[in-house]
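Quick notes on the structure that follows.
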Amino acid sequence: MPELPEVEVVRRGLARWAAGRPVSGVEVLDARSTRRHDGGPAAFESQLTGRRLTAPERRGKYLWVPLAAPGGMALVAHLGMSGQLLISSPETPAQRHLRIRVLLEDPVGQGPDAPDAEPALELRFVDQRIFGGLFLDPLVPSADRADQLLPASVAHIARDPLDPYFDADSVHVRLRARKTGIKRALLDQGLVSGIGNIYADEALWRARLHYARPTETLNRGESARLLAAVRDVMEDALSQGGTSFDSLYVNVNGESGYFERSLNVYGQAGRPCPRCAAEHRDTVIVKDRFMNRSSAYCPRCQPVPRRARW
DNA sequence: TTGCTGACCTGCACGC
DNA sequence: TGCGTGCAGGTCAGCA
């Protein structure tokens, strides 16, 4: 399922294939995929048609493509659990869960019959579970950097660990001020963004921390170790093209990533812990139910804290 | 203000 | 074979 590294892979693909192209047509095949757009699918289609896409940007798992002036608007995408943004030929048969198609013309706008014209492309939003969607949103200044614009609906999202302006000390202070468990805090996109269930489990395993560790007991070194583990997991995933778990994630060209082969705890319940099973053969990864989802950890190298916040 | 829970949503695996 | 149930989980509204 798409998390930050997967969204970044998609952003790079859009920068390569979609930036600079004008939108000549939009078709919303499932209104639920534009439910976050004011005015519904018809307004989405009419307001996007005729606009030109510029360089895509990302914060956490939100991706947006600012539209060329006028208007200060952006096409915002969230992939939810199963969303895909694909670039394909308009003639390619529709995918099973195709929800929105956006026709992109030649970037120079010289018409399809010009000898050096690039062929038209289609940006397709495919989403099995319809947790994601596309919408248009006005751009507003970022709360901490007025020269940086982002969609209004993304303004409450914190910077992610791959952001050059990510402030680990500030996150440590805010973590200490919370009264909750560490995994619950990691999944709060208002505290630190881009972390989903898979990478939360993987980062906690790398940092040797149990998911129910109270945030107010973390010292500065432990916070730093955890945030470094988050960044390492994301960078590893990014270098391998993302996590292609259950085939619900592909890049804009429809190719899967390979990070799933590197997962140490997520989806590994019942298997030996890759770190400590060499010395203790009876150590296997455990899966708990947590926050209406699963949480995997090694009971030996991530022991349950004395004072846990479940 | 902060923390927590349930709803949204579909496809697959599994048991009967 | 067909049906029902549980599970997967990111985000947000609503409640305590």
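Just so it is clear: chains get the letters A, B, ... in the order the sequence lines come, proteins before strands, and each one is counted from 1. Below, each value reflects all heavy atoms present in this structure, side chains not excepted, and no hydrogens, waters or symmetry copies.
Comparing A:R178 and A:I130 by the nucleotide of DNA chain B whose heavy atom lies nearest to each, the residue mapping closer to the 5' end is A:R178. If you find the closest nucleotide of DNA chain B to A:K179 and to A:R35, the one lying nearer the 5' end belongs to A:K179.
Between B:dC4, B:dC12, B:dC9, one nucleotide has an atom nearer to the side chain of A:T180 than all others, and that is B:dC4. Here the side chain of A:E3 is nearest to one of B:dG11, C:dG10, B:dT5, namely C:dG10.
A donor-acceptor pair under 3.5 Å links the side-chain atoms of A:Q302 to the main chain of A:C298, judged by distance alone. A donor-acceptor pair under 3.5 Å links the side-chain atoms of A:T34 to the main chain of A:A31, judged by distance alone.
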Report, as a single string ordered 5' to 3', how protein heavy atoms within less than 4.0 Å touch nucleotides 11-16 of chain C: B base, S sugar-phosphate only, - not at all. BS----
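Between A:M81 atom CE and B:dG11 atom C1' the separation is 11 Å, expressed in whole Å. Between A:F290 atom CZ and B:dG3 atom C1' there is a gap of 12 Å when expressed in whole angstrom units. Distance, A:L134 CG to C:dG10 C1': 16 Å, rounded to whole Å. Summarising the geometry, the separation between OH on A:Y199 and P on C:dG10 is reported as 11 Å, rounded to the nearest angstrom. One can place CG of A:D188 at 13 Å from P of C:dG10, the figure rounded to the nearest angstrom. Taking atom CG of residue A:D30 and atom P of nucleotide B:dG11, one finds them 11 Å apart after rounding to whole Å. Straight-line distance from the CG atom of A:D160 to the P atom of C:dG10: 15 Å, rounded to whole Å. Taking atom CG of residue A:D288 and atom P of nucleotide C:dC7, one finds them 14 Å apart after rounding to whole Å.
Taking side-chain N and O atoms only, A:R184 has a distance below 4.0 Å to OP1 or OP2 of B:dT5. Between A:R96 and the phosphate of B:dT10, there is no side-chain N or O to OP1/OP2 separation shorter than 4.0 Å.
No side-chain donor-acceptor contact under 3.5 Å links A:T217 and A:R307.
In terms of heavy-atom proximity, A:Q128 sits nearest to A:R99 at O-NH2, 3.2 Å. What you find for A:S295 and A:K183 is that their closest heavy atoms are OG-NZ, 2.9 Å.
Counting only residues at least two apart or in different chains, salt bridge (Lys or Arg N to Asp or Glu O under 4.0 Å) contacts with residues 31-50 of chain A comprise A:D30-A:R32.
For the pair A:D236 and A:R206, the salt-bridge criterion is met [side-chain N within less than 4.0 Å of a carboxylate O].
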